[in-house]
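Here's the structure, in structure tokens; my notes come after.
Note that the structure is a prediction, hence the values are computed from the model and not measured. Throughout, a chain's letter reflects where its sequence line sits, starting with A, and its residues are numbered from 1.
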Amino acid sequence: MLGRMLKGVSGRSAGKTIAVLFALILILSSLAVAGCAKKGGEPARKDTLIIALGTNISTPDNHYATGLPAIGANSEIGDVLFRLDANGNPIPWLAKSYEWSADKKTLTLTIRDNVKMQDGKTMTSEDVRYSLDRFVKYSIGKAALSMVTEIKAPDATHVTLTMKAPFDPLVRTLAYTTITIYSKASIDGKSKEEIASKNSPIAGPGPYKLVEFDPGDKMVLDAFPNYWAGKPQFKRVIFRMMPEMSSRIMALESGDVDLIDAISPQEADRLAKNSKLQVLNPPAAGIVRVYLNTQKGPLADKKVRQALYYAIDRESIVKNIFLGKAEVAHSFAPSGTFGYTGDYDVYKYDPEKAKQMLKDAGVTNLKFTVLHSPGRYILSQEVLEAMKADFAKIGVDMTIQNMEWGAFSAAIKLPLKDTKMEATLNWWRSVNGDADNAIADYASKYWPPGNNTPFFKNDQYDKLFDQEQSEVDTAKRGAELKEMQKILMDEVPAWVLYRQPNLWAARSDLQGVEISALSCLQPLYKASLKK
Amino acid sequence: MLRFLFQRLVVTIPTLLVVTFMVFMIVHLIPGDPAQILAGDFATPQVVKELRAEWGLDRPLLVQYGSYLKNLAQGNLGTSIASRRPVTAEIADRYHTTLSLAFWGTLFAVALGLTAGVVAARKPFTAWDYGSMTVALVGISTPVFWTGLILILIFSVKLGWLPAGGTGSSLKYLILPAVSIGFFDAGVVARQSRSSLMEVLGQDYVRTARAKGLPEKRVINKHAMKNAIIPVITIIGMQFGRMLGGAVLTESVFSLPGLGRFLIIAISQRDYPVVQGVCLVLALSFVIINLFVDLTYGFLDPRIRQ
């Protein structure tokens, strides 16, 4: 038809155009077919697990990586000393046991024997010492181990970590995925650029070894058959970086990929109806909250903060915006962490009570602005819109000021004299399964530019914080953490809202995939397709 | 011709210097601290301070700019703050993806747009014309990301013929992105070529050619198209340049590791060396494309050459 059409237009010259077009199509098709041919030595599709992540993997080196899903992907190469079980308790992993000194200032780790690494070496205590030392000195996340002052490898199987003061959650902290153990020989003396390059030499004791790293595109890993915990089932794992959720979902539906992360509750519901797919929603360690400026502005009055907390219908947010896939948060620490208590959440939705409390406080025509960076946290704009409507019911006017993430980050880090922040929606978590890690930042010494965003100051809290941080008695520390959460729930430096969903989707026959509460994939050696 | 080429290349240098200065100042003046962004929510002020010192961000702005120019003169675009890889290597890894996308997208746009434009111009105010221009209008009006998603839905999810995204050794990975990005430009090319050819076909010299009894094919190819194509080539050149820098939506939808997506991520992370490097490379690409377009004019119209 096109031929006839063009012939009518310009005779034989149009025929030539068509010939050129057809030639082009033929070239394209032949190249496409040629590209379909599998390269020799490449595992079959059924032996390859393809995972699409919404996060960019900027380097395969976890000591310099950012973004928790990317850190999870990299942890297939290296491995950790401890892992956390579903209740946040440490499970010995590369460290087979540990022992505290009497003053609880020195932790001695006993390293697992005969752990092979991807560069052919056998893991020694020196590899562990070197990796920990490198993390403490250079890593972006080094604050997690800032209390450690000395790391030694006294013999081939032991590593000691010494601190100035006791820090009870240290063992749990060593389970933080980014504290990864690598082969010293593979990275020592090599530049950061070389380790982050396409032909990165990085090697570790993990289940999959690095084959190819294409920044912004993919990371290809091959099974390491000598993995100490068991032979990996898939011969190859490919991480593809796909920032668009809709693209990830369609890639999963078309069978291009097998597992995807970060999907919305609405899409999760739709995908769950597809018999070829499954939706995973493991517990999440992150809590979304609205921080409130406790020192100046319209929310500096504790009674106002409390009153407005009663006006937020958190159950409705979870039910209607997250379709029941999130969970109402009842404390500043995630449930399931050591020391958690949800006993002090008295703020059940009650707009009448909120109105009365505002009246008692003599507050009228209350207006405030909440800073927000859209797209950073799933459905956060919808959550703020729902809150705005809730507040409008009691005559309070909340303005949502959307900002680009970079500008937002700068705005919430300004010191008190400069800040204009009245409220801001953000997220916080516990990286080590301990409530301490989730609530420590409310100590007044961490005011911005530190992470005490609401400029919270409470003498009793500060005192308890100092006690808890150096407490050697674990049970006593648990009690102190609960007392600290009680103060926070009473003072309301933030409206804690909900635990974010941790939604993934996969082909229905994929099994053995474990995902941590921080959205990090755990070692994938057990992952396989059902027969 | 050589003199013309030399003059154009000399003018390029101050253009690029202005680009480096403007981009440098703009990215540094927008709020946001790369150290804070990259260090993330977990970072302490001490870590942020150390990172700023490591990357030289604690120095005065003009000192930083001077240092950047000095490195640039040695062919060094710096090191990415986010990945810690040389910016040159980062750009090289992605440039071919964007270039391939722009090339195949332009090829598709020209093939479809020119065909539709010629058909419409030859049969004005007929069903052929209205049909072609409707296709062109749909192309211009449809958002690129929407076209991309629909193409994925049909050809990947439903039919399973082509991959939904990503890259590979085969051109099949580029077919859907190229069609997606090229569809918009096809509309622009179609409308431009129609109006341009219609105008030329109404000129006296075309009437004379026909009156002399020349075959219609010869009238179109030899006489009309040569003049009608000049504004179309300008459009194609501009669209090609736009695709190089603005293919971010297509690259995002199809998960292609190209320059556009890379630039957006770099801006959000305030990865200054990457933003500066990519903008410089894109500006240079634009200059080269414009030069190429100007040379093509000369090739098609000897009067311009003189």
Side-chain angles (χ1 to χ4, degrees), chain A residues 2 5-6 8-14 17 21 24 28 31-32 34-36 39 52 56 58-59 64 66 140-144 146 192-193 196-198 214-218 240-244 246-247 250-251 253-256 404-407 409-411 413 426-428 431 449-451, chain B residues 30-33 36-48 51 79 82-86 89-90 93-94 107 111 115 118-119 122-123 128 149 152-153 156-157 160 163-173 175 215-217 220-221 252-255 257 261-262 265 268-270:
Chain A
L2 183 68
M5 196 169 83
L6 284 170
V9 173
S10 55
R12 274 205 334 245
S13 68
T17 314
L21 279 175
L24 270 173
L28 275 171
L31 284 170
C36 291
K39 288 179 190 169
N56 188 41
S58 58
T59 168
Y64 291 101
T66 53
I140 283 173
K142 65 184 178 183
S146 59
K192 284 178 275 186
E193 289 79 11
S197 72
K198 275 190 158 191
D214 279 338
D217 185 18
K218 62 180 180 294
R240 280 177 49 189
M241 302 158 217
M242 302 181 79
E244 284 299 312
S246 50
S247 306
M250 284 199 268
E253 287 178 303
S254 67
D256 278 7
E404 185 270 339
W405 177 250
S409 299
K413 292 290 176 187
N426 217 323
W427 171 95
W428 200 245
V431 299
N451 288 323
Chain B
I30 50 175
D33 176 1
Q36 183 62 56
I37 295 167
L38 206 72
D41 301 334
F42 316 140
T44 59
Q46 185 57 30
V47 169
V48 174
L51 285 174
T79 304
S83 72
R84 290 166 165 81
R85 296 180 69 225
E90 292 277 25
D93 282 349
R94 291 164 173 88
L107 202 68
T115 307
V118 170
V119 167
R122 284 293 295 123
K123 304 261 184 186
W128 293 114
L149 291 175
I152 295 174
L153 195 64
S156 305
V157 179
T167 56
S169 53
S170 159
L171 267 180
K172 66 180 179 177
Y173 286 93
I175 293 175
E216 187 64 10
K217 183 198 95 180
I220 300 278
N221 285 359
S252 294
V253 169
F254 291 97
S255 309
R261 204 176 109 192
F262 186 45
I265 293 172
S268 67
Q269 292 179 329
R270 302 292 189 273

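- In this structure, OG1 on B:T79 lies 5.0 Å from CD on A:E193, to the nearest 0.5 angstrom.
- At a threshold of 4.5 Å between non-hydrogen side-chain atoms, the residues A:P243 and B:R261 count as touching.
- Taking B:P86, B:A89, B:G165 one by one and counting their heavy-atom pairs under 4.5 Å with chain A, the maximum is reached by B:G165.
- Between A:T66 atom OG1 and B:Q269 atom CD the span is 6.0 Å, to the nearest 0.5 Å.
- Put simply, of A:A410, A:A52, A:S58, the one with the most heavy-atom pairs under 4.5 Å next to chain B is A:S58.
- Taking OG of A:S254 as the start and CD1 of B:I152 as the end, the distance is 8.5 Å to the nearest 0.5 Å.
- Contacts between A:K198 and chain B at a heavy-atom distance below 4.5 Å involve backbone atoms as well as side-chain atoms.
- Between atom CD of residue A:E404 and atom OG of residue B:S268 there is a gap of 6.5 Å, rounded to the nearest 0.5 Å.
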Requested in this report: Please test B:S83 against A:T59 for side chain to side chain contact (heavy atoms under 4.5 Å, CB included), starting from the C-alpha separation and ending with a verdict.
Outcome: CA-CA 6 Å; B:S83 72; A:T59 168; 5.7 Å; no

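- Within the 4.5 angstrom heavy-atom criterion, only side-chain atoms of B:E90, from C-beta onward, approach chain A.
- For chain A, the nearby parts of B:R84 are the backbone and the side chain; heavy atoms of each come within less than 4.5 Å.
- Residues meeting the salt bridge (charged side-chain N to carboxylate O under 4.0 Å, His left out) test with B:D33, sequence neighbours left out: B:R52.
- Contacts of B:L153 with chain A are made by both backbone and side-chain atoms, with heavy-atom separations under 4.5 Å.
- Contacts between A:D256 and chain B at a heavy-atom distance below 4.5 Å involve the side chain alone, from C-beta outward.
- The structure places CG of A:D214 at 9.0 Å from CZ of B:R94, a figure rounded to the nearest 0.5 Å.
- Atom CD of A:E244 and atom OG of B:S255 lie 8.0 Å apart (nearest 0.5 Å).
- Scanning all heavy atoms of the two residues, the minimum distance from B:R85 to A:P215 falls at NH1-CG, 3.0 Å.
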